[in-house]
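The structure under discussion appears below in the form of structure tokens.
Numbering of ligands and ligand atoms starts at 1, following listing order. Computed from heavy atoms alone, side chains included, the values below leave out hydrogens, waters and symmetry copies.
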Amino acid sequence: MVYGSLRRLLHALSLALLPPRCLVCGEAGSGGLDLCAACRDALPVPTAACRRCALPLPEAGVCGPCQRRPPPLDEVRAALLYAAPVDRLLPRHKFHRDLAAGRLLATLMAAAFAGAERPQALVPVPLHRARLRERGYDQALELARPLARRLGLPLLDGRLHRVRATAAQSALDATARRTNLRGAFAVRGGPLPAHVALVDDVMTTGATLHAAAQALRRAGVVRVDAWVCARVP
Ligand SMILES: O=P(O)(O)OC[C@H]1O[C@H](OP(=O)(O)OP(=O)(O)O)[C@H](O)[C@@H]1O
């Protein structure tokens, strides 16, 4: 309670000292966000999408490929599509440690997922410890932490591990992405809740999330969803 009041006070102070500024166009921010109303309205928000892979569809449902070959994810939600300006904000957060961009993206994720069926816990997709050392922070965890706090969900950090140092997916084609991630994750520790949602920054082919979901299922998780900041259409 004291901690909550202190956090609110610090937040009010930081707003007074550093008024929000749009990270996209530099105009004054709106609604306490580092985003102006015009840029918020222009965000690439998915309308209808496949329930199992979040690929945009003309109307909500399950896409052909997911019907033919059901993925290991029960439901995938994407807050945004990976298009301008999200394709600049996410790399700023991931590669340049832009904390304001991370905060903004986590806030947009919380708003987008507030109405989703609630999992019992959020599980961030982990980096391998070598990549974590190199980068200095874990971008999925940096999104998942404020998201869990805003939605009042437990965060299971440190239970899912990347046991192989995989090459960056961004440098590979779709087939190589699947091979790259095969067996890359393992779960450590005791029982996990029956229903969790993985959290990652981007979903492109889904190979990363699928490998992580398979590891969670092997560990006894019954339902695995994924909540990503952006889906590459
Ligand atoms: O859906 P997919 O095709 O698997 O691609 C998405 C993954 O690729 C990116 O990470 P990447 O492995 O490039 O980099 P990182 O390990 O440095 O975070 C991204 O952060 C996702 O985790």
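A donor-acceptor contact shorter than 3.5 Å is absent between the side chain of Arg231 and the backbone of Ala49. With hydrogens and angles disregarded, no donor-acceptor distance shorter than 3.5 Å links the side chain of Arg131 to the backbone of Gly136. Remark: the backbone N or O of Asn180 is paired with a side-chain donor or acceptor of Arg164 at under 3.5 angstrom. Between the side chain of Arg40 and the backbone N or O of Gly31 there is no donor-acceptor pair closer than 3.5 Å. A donor-acceptor pair is defined here as one N or O able to donate and one able to accept, closer than 3.5 Å; no such pair exists between the side chain of Glu27 and the backbone of Cys36.
In terms of protein heavy-atom proximity, atom 14 (O) of ligand 1 is nearest to Lys94 NZ, 3.2 Å. Protein heavy atom closest to atom 6 (C) of ligand 1, with residue, atom name and distance, is Val202 O, 3.4 Å. Protein heavy atom in closest approach to atom 20 (O) of ligand 1: Asp201 OD1, 2.7 Å. Residue, atom and distance of the protein heavy atom nearest to atom 15 (P) of ligand 1 are Arg131 NH1, 3.1 Å. Shortest contact from atom 5 (O) of ligand 1 to any protein heavy atom: Arg177 NH1, 3.1 Å. Looking from atom 4 (O) of ligand 1 to the surrounding protein, the closest heavy atom is Thr208 OG1, 2.6 Å.
With a 4.5 Å cut-off on side-chain heavy atoms, Arg223 and Glu117 count as touching.
If you number the atoms of ligand 1 from 1 as listed, the ones under 4.0 Å from a heavy atom of Leu127 come out as 16 (O), 18 (O). Residue Ala168 has at least one heavy-atom neighbour below 4.0 Å for each of these atoms of ligand 1: 12 (O), 13 (O). Per-residue contacts place Gln169 under 4.0 angstrom from the following atoms of ligand 1 (heavy atoms of the residue considered): 2 (P), 3 (O), 4 (O), 5 (O), 8 (O), 11 (P), 12 (O), 13 (O).
Distance check, rounded to the nearest 0.5 Å: CG of Leu80 to SG of Cys229 gives 5.0 Å. Taking CZ of Arg21 as the start and CG of Leu33 as the end, the distance is 14.0 Å to the nearest 0.5 Å.
Heavy atoms of Leu209 found under 4.0 angstrom from ligand 1: none, in either backbone or side chain. With a heavy-atom cut-off of 4.0 Å, Asp200 touches ligand 1 through its side chain alone. Using a 4.0 Å cut-off between heavy atoms, Thr205 contacts ligand 1 through both its backbone and its side chain.
More than 12 heavy atoms of other residues, nucleotides or ligands lie within 6.0 Å of CD in Gln67, so this atom counts as buried by the packing criterion.
Considering backbone and side-chain atoms together, Gly206 places an N or O closer than 3.5 Å to an N or O of ligand 1. Considering both main-chain and side-chain atoms, Arg162 never comes within under 3.5 Å of ligand 1 through any nitrogen or oxygen pair.
The pair Asp74-Arg217 counts as a salt bridge, with a side-chain nitrogen and a carboxylate oxygen less than 4.0 angstrom apart.
Heavy atoms of Gln139 come nearer than 4.0 angstrom to ligand 1 in at least one pair.
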